[in-house]
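What follows is a set of notes on a single structure, which appears directly below.
Note on naming: letters A, B, ... go to the chains in the order of the sequence lines (proteins, then strands), and numbering restarts at 1 for each one. The figures that follow rest on heavy atoms only: side chains count, while hydrogens, waters and symmetry mates do not.
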Amino acid sequence: MEEKKRRLLTSQDPAADSAATSAADGTDQSAAADYHSDKAPTRVKPLSKVSIAWRIVVPAVAFVILTCGQFLNTNDFFPLGSLTQYATAKDLNGTVNSTCIEAQFPGEDEPRRLGFNAATVGIERGDVESQLDRVIAHPELMQSLADSYVRLHPNEPKPETMILCRTTTQLQNGLAVGEPEQTTLATWEVR
Amino acid sequence: MTGTPTLTTTPAEAAPTNPFLRWFMPVVPLARAAVFRVFIYVFIIIDVLTISGDVIAHGWTPEFYQPLWLARFLHIPAVSVLGAQILLAAIIVFSLLAAAGILQRISGWAVAISFGAWMFYTQGYGYVAHDHMALVIAAFVLPTIGIARFRDVSTASARAGWALRIVQISVVLTYFYSVLMKWIASGNITHWANGAVIIWALMRRGAEWSKPFLEMPGLLIAAQWATLVFEFLSPVALFLKGKWLYAVVAFFCLFHLMTYLALGIHFLPTVICWAAFLPLEKLVPRRFSGTPTNTSTGAA
């Protein structure tokens, strides 16, 4: 009971506790004696040399890949790629860009802003932003966004035009200045 | 010779003997791994249905598929809607089996492979989120433990200790290496800390209640410095015990709660892996756990 109370207070693993005891004693005999004593009612599953070896080598290789992923600044090695989310510095006097998607529907005067997410157009904003140059160069890629919208909204009218846009907010000492400006990056007549 | 006590004293089968290996492969109760396994496999079901639930929608946008290196190496094609639905069903069934401890090795590896494929399809469309690193690694190391049951409270295992340690290291590296990446991406770490990253994030996806903070750039810069400091110090968690460890785990969970409320960024796949630092075997009801008097050693 006292032993259990002490373990709870120190939050030590029972097995680690016995390991520490054996390390302190410094002999296998004492370790075995501890193990079979009332104070260490644990069973320890042994590891073979092969088990130990691969458990060292595999993480070491993974660690090297992860480290290379950082210095090469690549996500290609996922799940061991670079940890780039929010890693790029932003200028307090720079601009904040946000990509948007709009659709022109039949009978409506103005294009309507759509949610830029998988539930609305089949893909998240971040995915498109990560290949923005490709989408601008190949606006036909927006056809699949229109198709996804139609599949996900069967009771809504089919869009006539998809518009990839960007809002830009100017910062001055970290504070927004004026209203965001919107620019059109690409348009696509929906087939 | 010092060493971890084992059922056998045969040197070839003895558990790790040097200090590093005793830290890297600590013997922990198998019940801890059994409980952690439930956390992970149940969360994987939640993850594929919500957080990484965009895979089925990706079936409609195959033109945006940008396969990652391993997916290219294995010639994994873009996912179809039907393929995504089958994969989703497989992950849920295998995860339920693995969480319940049924066919533990087979179901565990089945989850690892199917969830790994799912990750290629959620991360392979341009944007790669790094909050899944520890979770994916957990899915692959858990099956290496072998059989682990809730009643194994008194049965210690270096296999379980290694698997949990790998998850712990993955969690810590998620933070520590993000500092390294900030340094590399920004050229000078002070440019990141004194910059407008949180302002940028709040403007792009901030909750309405957090918008007033945009009027206080000084406070947001202080938050960036604080983030840098605790991300840099995160490896300390690997060496803490007791209430200090609990405090660190609670601190990081609260941090992620704040970023979720402010920005909608929850980092839950990493948050769940913080459980690897905790003595989860204490969650096992006494009637389900093997008491010392019930162990095969008959120690008590």
Passes side-chain contact (heavy atoms from CB on, under 4.5 Å), Thr61(B) versus Asp147(A)? Steps please. CA-CA 9 Å; Thr61(B) 54; Asp147(A) 292 342; over 6 Å; no
From CA spacing to verdict: side-chain contact (heavy atoms from CB on, under 4.5 Å), Ile265(B), Tyr86(A): CA-CA 11 Å; Ile265(B) 299 170; Tyr86(A) 301 99; 2.7 Å; yes
Report the C-alpha distance between Tyr177(B) and Ser82(A) in whole Å, list the side-chain angles of each, state the deciding distance to 0.1 Å, and finish with yes or no for side chain to side chain donor-acceptor pair (under 3.5 Å). CA-CA 8 Å; Tyr177(B) 266 17; Ser82(A) 62; over 6 Å; no
Working note: Gln85(A) + Tyr127(B), criterion side chain to side chain donor-acceptor pair (under 3.5 Å); need CA distance, chi angles, decisive distance, verdict. CA-CA 10 Å; Gln85(A) 278 181 285; Tyr127(B) 184 73; 2.9 Å; yes
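Neither the backbone nor the side chain of Asn117(A) comes within less than 4.5 Å of any heavy atom in chain B. Looking at Val135(A), only its side chain comes within 4.5 Å of chain B, counting heavy atoms on both sides. At a 4.5 Å heavy-atom cutoff, the contact between Leu171(A) and chain B is made by side-chain atoms alone. Interface residue Thr67(A): backbone and side-chain heavy atoms are both found under 4.5 Å from chain B. For Arg151(A), the part sitting under 4.5 Å from any heavy atom of chain B is the side chain, from C-beta outward, and nothing else. The part of Asn173(A) that comes within reach of chain B is its backbone (N, CA, C, O), which places non-hydrogen atoms under 4.5 angstrom from that chain. Only the backbone of Asp91(A) comes within contact range of chain B, judged by heavy atoms closer than 4.5 Å. Contacts between Thr169(A) and chain B at a heavy-atom distance below 4.5 Å involve the side chain alone, from C-beta outward. Of the two parts of Leu152(A), only the side chain, counted from C-beta on, holds a non-hydrogen atom closer than 4.5 Å to a non-hydrogen atom of chain B. Neither the backbone nor the side chain of Ala62(A) comes within contact range of chain B; no heavy atom of the residue lies under 4.5 Å from a heavy atom of that chain. Heavy atoms of Asn188(B) lying under 4.5 Å from chain A are absent altogether.
When all heavy atoms are compared, the tightest approach of Ala89(A) to Val197(B) is CA-CG2, 4.2 Å. Closest approach of His130(B) and Thr84(A) over heavy atoms only: ND1-N, 3.7 Å.
Counting heavy-atom pairs closer than 4.5 Å to chain B, the top-ranked of the candidates Ala119(A), Ser130(A), Gly69(A) is Ser130(A). Note on His191(B), Met216(B), Met203(B): by heavy-atom pairs under 4.5 Å with chain A, the leading option is Met203(B). Across Tyr175(B), Trp69(B), Phe64(B), Phe24(B), the residue that shares the most heavy-atom pairs under 4.5 angstrom with chain A is Phe64(B). Between chain A and the residues Asp54(B), Leu220(B), Thr144(B), the largest count of heavy-atom pairs under 4.5 Å involves Thr144(B). For the options Pro79(A), Ala118(A), Gly122(A), heavy-atom pairs under 4.5 Å to chain B are most numerous at Gly122(A). Between chain A and the residues Leu173(B), Leu70(B), Ile137(B), Ile166(B), the largest count of heavy-atom pairs under 4.5 Å involves Leu173(B). When each of Val136(B), Ile184(B), Thr174(B) is checked for heavy-atom pairs under 4.5 Å with chain A, Ile184(B) comes out on top. Contact tally against chain B (heavy-atom pairs below 4.5 Å) for Thr88(A), Thr74(A), Val128(A), Thr167(A): the top residue is Thr88(A).
Put simply, the side chain of Asn75(A) does not reach to within 4.5 Å of the side chain of Gln123(B), judged on heavy atoms. Counting only heavy atoms from C-beta outward, the side chains of Ile52(A) and Leu21(B) approach each other to under 4.5 Å. Put simply, the side chain of Ile198(B) does not reach to within 4.5 Å of the side chain of Lys90(A), judged on heavy atoms. With contacts defined as side-chain heavy-atom distances shorter than 4.5 Å, the pair Trp162(B)/Ser51(A) does not qualify. Annotation: side chain of Leu92(A) is in contact with side chain of Ile199(B) (closest heavy-atom distance under 4.5 Å). Contact check for Gln143(A) versus Glu63(B): no side-chain heavy atoms found under the 4.5 Å cut-off.
In summary, Glu129(A) and Arg204(B) engage in a salt bridge, as defined by a charged side-chain N under 4.0 Å from a carboxylate O.
Summarising the geometry, atom CG belonging to Asp76(A) is positioned 10.0 Å from atom CD belonging to Gln66(B); distances are rounded to the nearest 0.5 Å.
Between the Ser186(B) side chain and the Ala87(A) main chain, a donor and an acceptor come within less than 3.5 Å of each other. Between the side chain of Gln131(A) and the main chain of Tyr125(B), a donor-acceptor pair closer than 3.5 Å is present. A donor-acceptor contact shorter than 3.5 Å is absent between the side chain of Trp60(B) and the backbone of Ser144(A).
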